[in-house]
Amino acid sequence: MATRSSFFLTTPIFYVNDAPHIGHAYTEVAADVLARWHRQAGDDTWLLTGTDEHGQKILRTATANGVAPKEWADRLVESAWKPLLEQIDISNDDFIRTTDARHEEGVAKFLQKLYDDGHVYAGEFEALYCVGCEEFKPKSEIVDGTGEFEGQKVCAIHSKPLELLQEKNYFFKMSAFQDRLLALYEARPDFVQPASARNEVVAFVQQGLEDLSISRTSFDWGIPIPWDESHVTYVWFDALLNYITAVGYGQDEAEFGRRWPANHLVGKDILRFHAVIWPAMLMAAGLEVPEHVFAHGWLLVGGEKMSKSKLTGIAPNEITDTFGSDAFRYYFMRAISFGHDGSFSWEDLAARYQAELANGFGNLASRVLAMNRKYFEGRVPERGTEEPADIAIRELAAEVALRADASIRGFAVHEAIAAIWELVDALNGYITEQEPWALAKDPERRARLGTVLYTATEGLRALAELLAPVIPRATAKLWTALGAEASFGALEAQPIREAGNWGRLLPGTEQGPLEVLFPRIETDAAGEGAAK
RNA sequence: GGGGCGUUAGCUCAGUCGGUUAGAGCAGCGGACUCAUAAUCCGUCGGUCGCGGGUUCAAGCCCCGCACGCCCUACCA
């Protein structure tokens, strides 16, 4: 039997009708960095993402565009969502669509089980309905009327009075799980992370849970309720189930047992669905609850939540076209404390690109390889006796590798990168202090020159391995240039938890040319972006 | 109304269990160096830790109150 530990990570599935923006990309990148790290560490990793395609809104836009909803979804998946993943180098292992047969069958099985076990009952759903919107309105879109509608409740969009209507719905007895949920949060304090998110969830559940309406009859674009096909499944109930239908629920028990339970990465706006409703659903079905639910923060632009309507919405390609996908990935993972809201600005992006990627890491690779070329005919230098400065670098590499791994296990991506960057900075300082260019002028200090450059080159090797999950393109180029590809094979196959082990590069190995990893970008490029 | 989170240097943020002169990066200023992407390295300037009380030998951290900001208060995916 395999003893590798399983790491199953999910992102929310995209609602196909949305336009991709950097908020979607941010979640995907975070998930991808975590997944790549675990995969490179040898964990049995599975990264799942996909699309949510049912619901009235999609039916409407499809109809408005004169096509069937499935065809509409097909188009959006191919033209918008899969390209987004490619644009930022997401290494997902699967892509599930809620219109996949495996999903629809799994949802039907799950519903039937809950129904058979008595967790679902038929009831009356009563709510305020807007004729203009042709739908029941959530509280957030109901306001007090003014003028002629004084004293009445009106629709926030149409400002017309709402009607109190009733509809037969099936309900999930979520209220029955209140105590078990509270016990879960109590027993596993890190079930919901970070702690601020956990507090919100606990407070919410303590207020008391109501049962959840899980079916609709007013439209038919959804998964039919198995025992009553005049109803379709409520979209959220449908969507959440993707996390198990994608890994064999009800179809492939071996695969399901291997993957489940998952770690869920979500935006804090959809935390409740994942930390309350979803675990309750799983409990009802007799399945294990997720391992962790981690809520990340929002991207703030000018101090406000990014939004299309305020013209602060940014498409990922606006950034990747200028700075590249590695820079996109690095910037959002490094600059934002994962789990908190974070400020985005073009100025900060451009500054960090230049200072950290170009001048810090890129230039480090460039100067070390240039000296190997100049002083050692483009080969890995011969290593001599170590001096304290060399030992300090070796020990730092081992230490940051350890710390970075611990941070990643705790979802602290920013912390992991900060730790690794200590090695980047230390290597730049080390080279300046050791002055290999001065050693090169004295034939008697040839052995020392070799040790210094070997140490610096090994440092690059460790950095390539440690940064591969974050900036896969640049590190792949570096890996090849180091001559490591020829010796050890693909970078992604290097065990990341051993990246700090010293002395792997073999002296004499031929190295290759290295193109500039992060070319300098004219400062007005950032200004141009900001003006868009 | 009830609840959560936040407020630390010009900017973006760390700050663990209360424990020495509150830290980093960027920006600014001064210097060193030349292997490198005019890059790197060193030094330096910079803070009433939102405000007011309290507990304590000791508070950025704990308690109370206040101000400001963001968020949650169930079916928008």
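Below, chain A is the first sequence line, B the second, and so on; all start at residue 1. These numbers were taken from a predicted model, which means no experiment stands behind them. Side chains are part of it too, since the values below use all heavy atoms of this structure and drop only hydrogens, waters and symmetry mates.
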remark   = B:C70 -> Watson-Crick or G-U wobble partner, both distances under 3.5 Å, gives B:G4

key: A:Gln178 side-chain N/O to A:Leu209 backbone N/O, donor-acceptor pair under 3.5 Å   = yes

message = Classify A:Phe237 by what it touches in the nucleic acid, base, sugar-phosphate, or nothing, heavy-atom distance under 4.0 Å.
response = nothing

request  = Mark up nucleotides 9-18 of chain B, 5' to 3', with B wherever a protein heavy atom is under 4.0 angstrom from a base atom, S wherever such an atom reaches only the sugar-phosphate, and - elsewhere.
outcome  = ---SSS----

Polar-atom pairs under 3.5 Å, protein N or O versus N or O of nucleotides 41-44 of chain B: list them with distances, or write none.
unit_1: B:C41; atom_1: O4'; unit_2: A:Thr432; atom_2: OG1; d: 3.4

ask   = Centre of A:Tyr375's six-membered ring, under 6.0 Å away, within 45 degrees of the axis: is that where NZ or CZ of A:Arg446 sits?
value = no

ask   = Which of the following nucleotides, B:G3, B:C76, B:U40, is nearest to the side chain of A:Glu200?
value = B:G3

ask   = Using the P atom in both, what is the distance from B:C41 to B:A24, to the nearest Å?
value = 15 Å

message = Heavy atoms from C-beta onward define the side chain here; which of B:G3, B:A74, B:C26 lies closest to that of A:Ala355?
response = B:C26

remark   = Per atom distances to the A:Arg216 side chain, the nearest of B:A38, B:C75, B:C35 is B:C75

Residue A:Arg367, side-chain heavy atoms: nucleotide from B:C76, B:U73, B:U40 that is nearest = B:U40

task = Using a cut-off of strictly less than 4.0 Å, decide whether A:Arg198 has a side-chain nitrogen or oxygen near OP1 or OP2 of B:G4.
result = no

request  = Identify whether any heavy atom of A:Arg520 sits under 4.0 Å from a base atom; if not, whether one sits that close to sugar-phosphate; answer base, sugar-phosphate or nothing.
outcome  = base

